[in-house]
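Inspection log for the structure reproduced underneath, given as structure tokens.
Note that this is a predicted model, so its numbers are computed, not measured.
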There are 2 protein chains.
Amino acid sequence: MKKKKDSSRYKNYLFNYKVWLSTITGQGIIDEDKYRILKLIKEKGSLKAAVKKVGVSYRKAWGDLKTAEEHLGYQIITKQRGGKEGGTTVLTSKGEKLIEAYEALQEKFDDSVEEAFAEFQRKIKENQ
Amino acid sequence: MKKKKDSSRYKNYLFNYKVWLSTITGQGIIDEDKYRILKLIKEKGSLKAAVKKVGVSYRKAWGDLKTAEEHLGYQIITKQRGGKEGGTTVLTSKGEKLIEAYEALQEKFDDSVEEAFAEFQRKIKENQ
DNA sequence: TTGCGTTGTGTTTTAATATGCATATCGTGA
DNA sequence: TCACGATATGCATATTAAAACACAACGCAA
């Protein structure tokens with residue numbers, strides 16, 4: 001049995017919300033999972049270790065990162081096969097900028113939507 | 001070949017975002033599709049007509065609405081079989097409140113995240 | 001030169017969702 | 001009382017995304 005992963009941003013309300021970014025053609029750029037993987041790559045220097053912790057398959061994460069790079073038009077990670085450790089994956093400086101931008105975005109979202117959520121809930125509550 | 005439906009909220013940026021609400025246990029309450037269906041029910045008085053326009057199967061929409069009602073704890077639509085037209089589906093007043101609250105939420109999102117998006121994009125642009 | 005551990009990638013399997021189909025139920029109006 | 005058209009719902013099929021699997025490729029270190 002696989003544990004169910006949920007990348008929602010939990011709020012102090014009855015409801016969740018999720019946000020993710022994609023290109024206008026629908027290609028995924030970054031979401032909570034990919035963000036966590038990138039953070040762990042930065043920490044561990046290994047994609048394999050990162051996906052294990054996040055609980056997503058290596059195959060999928062590898063493909064997702066490749067897709068994201070293609071659509072961004074630049075590399076966010078640099079990978080190496082072989083060597084003492086078997087190989088490594090590290091963030092490029094652009095990759096670091098990406099996660100910083102994503103963090104800032106999430107922070108702004110958290111702040112700015114709080115009121116919207118509170119109001120939604122208040123309106124829904126009137127229905128009880 | 002089925003046409004791919006996308007319930008993203010398109011912005012004047014390179015990116016999209018999607019928002020949807022669920023209970024904290026992950027049960028879907030409302031998203032863009034369900035919102036559109038409810039609007040069309042209000043307009044047409046028919047679930048069948050609504051799902052046709054939105055492009056989702058009657059079977060699914062019917063089940064989703066039922067689930068949403070179970071988790072909200074009240075009815076958002078009232079349905080009738082038989083009669084001149086074969087049957088009808090209309091919104092309850094609580095259903096109307098729900099879509100109003102959802103509209104207000106989306107509006108607030110649109111307003112409040114605009115700045116966050118702009119800043120994200122500005123940061124990402126530095127990467128080019 | 002062999003083994004190790006990780007990246008790289010196609011193929012197969014599995015699981016989750018949605019669709020499609022079949023058929024019952026109902027209420028009006030002809 | 002019969003046909004119509006929409007709702008109601010189980011079930012079988014199809015679709016899709018993800019996971020699992022299986023190896024190849026690589027480079028260091030013993």
Quick one: which protein N/O atoms are closer than 3.5 Å to N/O atoms of nucleotides 26-30 of chain C? Pair and distance per line, please.
from   : atom 1 : to      : atom 2 : distance (Å)
C/dC26 : O2     : B/Gly82 : N      : 2.9
C/dG27 : O4'    : B/Gly83 : N      : 2.7
C/dG27 : N2     : B/Gly83 : O      : 3.0
C/dG27 : N3     : B/Gly83 : N      : 2.9

Length of the NZ-C1' vector between A/Lys66 and C/dG10, whole Å
12 Å
Give a yes or no answer on whether the side chain of B/Thr92 reaches the backbone of B/Gln75 with a donor-acceptor pair at less than 3.5 Å.
yes
Give the minimum heavy-atom separation between B/Val56 and B/Ala61, together with the two atoms involved.
CG1-CB, 4.4 Å
Answer yes or no for B/Lys48 and B/Tyr58: cation-pi contact, defined as NZ/CZ to six-membered ring centre under 6.0 Å and angle to ring axis within 45°.
no
What's the separation between atom CH2 in A/Trp62 and atom NZ in A/Lys79, rounded to the nearest 0.5 Å?
6.0 Å
Run A/Tyr35 and A/Glu103 through side-chain hydrogen bond (donor to acceptor under 3.5 Å, both in side chains) and show every step you take.
CA-CA 9 Å; A/Tyr35 164 69; A/Glu103 280 172 350; 2.4 Å; yes
Among the nucleotides C/dG8, D/dT7, C/dT19, which one has an atom lying closest to any side-chain atom of A/Trp62?
C/dG8
To the nearest angstrom, how far is B/Lys79 atom NZ from C/dT25 atom C1'?
14 Å
Determine whether B/Leu91 and B/Ile99 satisfy the following criterion, side-chain contact (heavy atoms from CB on, under 4.5 Å), listing intermediate values before the conclusion.
CA-CA 10 Å; B/Leu91 295 186; B/Ile99 70 175; 3.9 Å; yes
Protein-nucleotide distance (B/Tyr58, atom OH; C/dT17, atom C1'), rounded to Å
19 Å
Under 3.5 Å, which protein N or O atoms sit close to an N or O of nucleotides 10-14 of chain D? Give each pair with its distance.
from   : atom 1 : to      : atom 2 : distance (Å)
D/dG10 : N7     : B/Arg59 : NE     : 3.2
D/dG10 : N7     : B/Arg59 : NH2    : 3.0
D/dG10 : O6     : B/Arg59 : NE     : 3.1

Take the protein atom CG of A/Asp31 and the nucleotide atom P of D/dA17, then report the distance between them rounded to whole Å.
15 Å
Residues B/Glu43, B/Arg36: salt bridge by 4.0 Å N-O rule
no
Within the side chain of B/Lys34, is there an N or O that forms a donor-acceptor pair under 3.5 Å with the backbone of B/Ile29?
yes
To the nearest angstrom, how far is B/Ile77 atom CD1 from D/dA8 atom C1'?
12 Å
Are OP1 or OP2 of D/dT7 and a side-chain N or O of B/Thr89 less than 4.0 angstrom apart?
yes
Quick one: does any side-chain atom of A/Glu69 pair with a main-chain N or O of A/Ile77 as donor and acceptor, under 3.5 Å?
yes
For the atom pair CD1 (B/Ile37) and CG (B/Asp64), what is the distance rounded to the nearest 0.5 Å?
7.5 Å
Looking at DNA chain C, which of residues 39-52 of chain A put a heavy atom within less than 4.0 Å of it?
A/Ser46, A/Leu47, A/Lys48
Between D/dT7 atom C1' and B/Lys60 atom NZ, what is the distance in whole Å?
18 Å
Where is the tightest heavy-atom contact between B/Ala50 and B/Lys44, given as atom of each residue plus distance?
N-CD, 4.5 Å
Between B/Gln75 (CD) and D/dT7 (P), how many Å, whole number?
15 Å
